[in-house]
Q: 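Below: one structure in structure tokens.
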Amino acid sequence: MREIILKAVANPPKIMWGPFLPVLLNMGIQFPIMFMCVGTINANPLWFMGSLVIGHLVCIAIGAKEPHVSAMIQAYGQSAKTSNNLYKEKGNKFAP
């Protein structure tokens, strides 16, 4: 059991040598833009393949520098929540 945990921590998931979450964000942003441009101005979808490859190369470079960037993005998403104060005071008050 311990070996599986160490392998998951040491080798984060990748899609074609890029970190999982940034690659999904890249595709999730560029594909809808491509489909909108193809539908509205009848653009050639092959034009967008260059920007998709460039974005993927940037994701690979970021993943080579920081292999756990997917975990960092997920941790920021969970910790960036603001709290509602019960009393009108400055700052976040987590206890009533």
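All residue numbers in this chain count up from 1 along the given sequence. Hydrogens, waters and symmetry mates are skipped; everything else that's a heavy atom, side chains included, is used.
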Q: Mind checking side chain to side chain contact (heavy atoms under 4.5 Å, CB included) for Ala64 and listing every partner two or more places apart, or none if nothing turns up?
A: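 Once residues adjacent in sequence are excluded, Ala64 has no partner under the side chain to side chain contact (heavy atoms under 4.5 Å, CB included) criterion.
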
Q: Which residues pass the side chain to side chain contact (heavy atoms under 4.5 Å, CB included) test with Trp17, not counting sequence neighbours?
A: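 Side chain to side chain contact (heavy atoms under 4.5 Å, CB included) list for Trp17, sorted by chain: Ile60.
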
Q: Would Phe48 end up clustered with Leu46 when hydrophobic side chains under 4.5 Å apart are linked, directly or stepwise?
A: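 In one cluster with Phe48: Leu46, yes.
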
Q: Just distance, no hydrogens or angles: give the donor-acceptor pairs under 3.5 Å from side chains in residues 21-35, sequence neighbours left out.
A:
from	atom 1	to	atom 2	distance (Å)
Asn26	OD1	Gln30	NE2	2.9
Gln30	OE1	Ser51	OG	3.0
Gln30	OE1	Leu52	N	3.1
Gln30	NE2	Ser51	O	3.3

Q: To the closest 0.5 Å, what do you measure between NZ (Lys14) and SG (Cys59)?
A: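 Separation between the atoms: 11.0 Å.
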
Q: For Val38 versus Ala43, what's the shortest heavy-atom pair and its separation?
A: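 Smallest heavy-atom distance, with atoms named: CG2-O, 3.4 Å.
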
Q: Between Ile73 and Val58, is there shared hydrophobic-cluster membership here, with clusters defined by ILVMFWY side-chain heavy atoms closer than 4.5 Å?
A: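 Yes, it is one cluster - the side chains of Ile73 and Val58 are joined through contacts under 4.5 Å.
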
Q: Minimum heavy-atom separation for Glu66 and Met72, please, with both atom names.
A: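 The pair with the smallest heavy-atom distance is CG-SD, 3.6 Å.
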
Q: Restricting to side chain to side chain contact (heavy atoms under 4.5 Å, CB included), what partner residues turn up for Asn42, sequence neighbours left out?
A: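 Asn42 satisfies side chain to side chain contact (heavy atoms under 4.5 Å, CB included) with no residue once adjacent residues are dropped.
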
